[in-house]
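A short worksheet on the structure shown next.
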Number of protein chains: 2
Amino acid sequence: MSTIQDVARLAGVSPTTAKRALRDPDKLTAETLARVQAAIEELHYEPDVRAGSLRGGQSRTVGLVVASIVEPFFAQFARAAARHLKAADYTLIVSENEYSAHLELPELRRLYGQRVAAIMLRPGYGEESREYLERLRDRGLFILEFDYAPDGSDFPSVVLDHAGCMREAVAYLHGLGHTRIAALGTYDPEVHPEDRSRTFPQAMRDRGLNVPPEYGRVVLLTEDTAYDLTHELLALPTPPTALIALTGTQAIGAFRAIRERGLCLPGDLSLLTFDNYPWTALVDPPITVIEQPVEAMAEAAAHAVLRALEGGFDASSTTTPQHAVFPGRLIVRGSCAPPRVPSLALTL
Amino acid sequence: MSTIQDVARLAGVSPTTAKRALRDPDKLTAETLARVQAAIEELHYEPDVRAGSLRGGQSRTVGLVVASIVEPFFAQFARAAARHLKAADYTLIVSENEYSAHLELPELRRLYGQRVAAIMLRPGYGEESREYLERLRDRGLFILEFDYAPDGSDFPSVVLDHAGCMREAVAYLHGLGHTRIAALGTYDPEVHPEDRSRTFPQAMRDRGLNVPPEYGRVVLLTEDTAYDLTHELLALPTPPTALIALTGTQAIGAFRAIRERGLCLPGDLSLLTFDNYPWTALVDPPITVIEQPVEAMAEAAAHAVLRALEGGFDASSTTTPQHAVFPGRLIVRGSCAPPRVPSLALTL
DNA sequence: ATGATGAATGGTCTCGTGTCCATTACTTAA
DNA sequence: TTAAGTAATGGACACGAGACCATTCATCAT
């Protein structure tokens, strides 16, 4: 555990000089530089970033709070963001909130304990951590929200065009002839204030369609709830003819339930999901999906963080909007088709 | 950005007393305690863990190096390990090496720069980082390898019983009548010293089978290489009748290639893969897999770390072996069946 | 009344690095 | 020769918390 002091002693110079060999080597005589470098080599000295950052107040560290690292969307986001931040010599610390502001609060505390310079956050549902986030901002942390930006939040954000994607999904299904469409999750300001389910009813209205109240179910974005919900919806007297899964993980649960009920895609039912995960192209039929530009979103988020942290002059507002919205892409595969004729559907 | 000093000043006590309100409140008068707590509350004071750990040399931080965070096995491992470490108030810092010791070295450097107390490592292939790891151990870091332990490595490890699983896989396929079995990757001491492909030939020999040299291909554990390799193997004059994918990600590539060639599972070909990912049960036919006890392995790894870090008395050697090996579990689904009779197989 | 005991609190130093300013030696122009 | 300037180097301090020892004060037994 050698320090710069040890290096200095070995090289016969002062600690200040020794450190300059690392930070601005031009300032040193070639001879001195060589001596210090030899000492660094011999002791295998490597700076302790904690000590260095203690002074400035912030460490070269960025926190990333995702809902679930097991969800490939977030894993990809984490990977891409880490790559960009790493290039600027920042270290990413990842933690999970499981879509809950309640579980998020201790995670934020931990990150602040490490004095991260910024936090990239997929906000959990709830208000518990709102005040704390604002306090962090007041203390100079750059806070960025991604994937979901709560109503009224004024943090910069990077999100998918959820409303646009939902419109496109509904338009596509309606175009095929579907009118009884259900989303796997219903908006609820308290429990499930999620953007895709929030914008779904409006997307339906835009096409002159309405969502039967019995299709409404407030659920979290997990495989199991999607599984249960799909079973419930399909057991209804007038079941939907098309299902929209809000995440790739939900799609797994929905797919399982559909299989179990002995229904055929797309003959008996159409299924469309967000997230273009590899497996969606592998099942039979391959599933029609809305792909998110994950890499691009992560890059935008990382760059926003770097701009805020590095660039002193606030070019932020001119170069990139505070709230970046990315378009999704509908990839038509085989899981959607025109619905059965009404009379037949009723006999289900 | 308030410090313990600020708290002390506001409460009218010394910094030492103020801190005691957090660390051992019993030592304080009720009145003093209340005053300090009020000050902490008012200033929203939260300790800076960097400063605290500067003294002790190590931070309450553990590094985790995985091959790829997008691979669900590693994501699950990271999640479970983080949960256990969090309970003991450690923070996990995750980074990736993409199966390469070359890319791993800078990651280890970064982790050491943060003065992590321990590192849980899925070693990348190659020798580049070996020396560095040993130096880290000499400096007091606890190093643990998981998923793969290089030949001759004497770090504690937590791995799957790769050899046993391979034996079970081969035995199962052989029991169905297969003799021409290929693994999606061939052992190579330099490029691909991976345990599953390494133990595959021995598993074959144990059953009196041999691996034709033309089945040999040194590849990395990615979807694309598995895809290419599957195509190559199936284009052979005498193609294998059963394929073993070494990871869930490989299985995706293999499945794609099999589909593209218009082959039917399990009629034309049997497929078996490591990793029980959700999608493997969803495709048609559902894929027979070998499941890893990910949670248990992550827990074992995390506890080994905690024992090394916390427990001063070295109960480590008695309670748990230095090298923990976990059994896999064969889950038979629908992707394996007896092979076509030889005459038919030759006409492919 | 005195000394011992122990609880409550404070002072000081340390960790490893970065920043700022001081010092030295050496060069250049007047 | 001297003043000014510059390149190379060193010293002191700050950052925020923990560890350790010192101090104060009240209590109690002798």
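First the proteins, then the strands, lettered A, B, ... as listed; each starts at 1.
- Applying the 4.0 Å criterion to OP1 and OP2 of D:dG18, one finds that B:Arg23 has a side-chain N or O inside that range.
- When the C1' atom of D:dG10 is taken as reference, atom CD of A:Gln5 falls 12 Å away, rounded to whole Å.
- Residue order along DNA chain D, read from the 5' end via each residue's closest nucleotide, puts A:Ala18 first among A:Ala18 and B:Glu46.
- When the nucleotides C:dG16, D:dA17, C:dT9 are ranked by their closest atom to the side chain of B:Leu28, C:dT9 comes out on top.
- Here the P atom of nucleotide D:dG18 and the CZ atom of B:Arg55 are 11 Å apart, to the nearest Å.
- In the set C:dT19, C:dT9, C:dT17, C:dT17 carries the atom at the smallest distance from any side-chain atom of A:Thr3.
- Cation-pi contact between A:Arg137 and A:Phe142: absent, since separation from the ring centre below 6.0 Å together with deviation from the ring axis within 45° is not met.
- Side chains of A:Leu85 and A:Met120 form a contact here, defined as non-hydrogen atoms less than 4.5 Å apart.
- Rounded to whole angstrom, the span from the CZ atom of B:Arg115 across to the C1' atom of C:dC15 amounts to 12 Å.
- A side-chain N or O of A:Tyr90 and one of A:Glu310 form a donor-acceptor pair less than 3.5 Å apart.
- Donor-acceptor pairing under 3.5 Å, judged by distance alone, is present between the side chain of A:Arg20 and the base of D:dG10.
- Side-chain proximity of B:Ile4 to the nucleotides D:dG10, D:dA17, C:dT9 is greatest for D:dA17.
- Across D:dA19, D:dT9, D:dA14, the shortest atom-to-atom separation from the side chain of B:Thr16 is found for D:dA19.
- Candidate nucleotides C:dT9, D:dT9, D:dA17 were compared by shortest atom distance to the side chain of A:Thr17, and D:dT9 ranks first.
- Atom-to-atom, NZ of B:Lys19 to P of D:dG18 comes out at 6 Å; the value is rounded to the nearest Å.
- Residue B:Pro15 is classed as having no contact, given no heavy-atom separation below 4.0 Å to the nucleic acid.
- Rounded to a whole Å, the OH atom of B:Tyr45 is 7 Å from the C1' atom of D:dA17.
- Counting only N and O atoms by type, the side chains of B:Arg50 and A:Ser53 include a donor and acceptor under 3.5 Å apart.
- Checked against D:dA19, D:dG10, C:dA8, the side chain of A:Ser14 finds its nearest nucleotide in D:dG10.
- Among the nucleotides C:dT17, D:dA8, D:dG16, the one closest to the side chain of A:Leu54 is D:dG16.
- Contacts of B:Lys27 with the nucleic acid, taken as non-hydrogen atoms under 4.0 Å apart, involve only primed sugar atoms and P, OP1 or OP2.
- In this structure, CG of B:Asp24 is placed 13 Å from P of D:dC20, rounded to the nearest angstrom.
- Here B:Ser53 lies out of heavy-atom contact (under 4.0 Å) with every strand.
- Between the side chains of B:Arg130 and B:Ser153, at least one donor N or O sits under 3.5 Å from an acceptor N or O.
- The CZ-P distance, from A:Arg60 to C:dT17, rounds to 16 Å in whole Å.
- B:Val13 comes within 4.0 angstrom of sugar-phosphate atoms only, judged by non-hydrogen atoms across all strands, and of no base.
- B:Ser129 and B:Glu104 share a donor-acceptor pair across their side chains, judged by distance under 3.5 Å alone.
- Counting to the nearest Å, the C1' atom of C:dG18 and the CG atom of A:Leu22 are 13 Å from each other.
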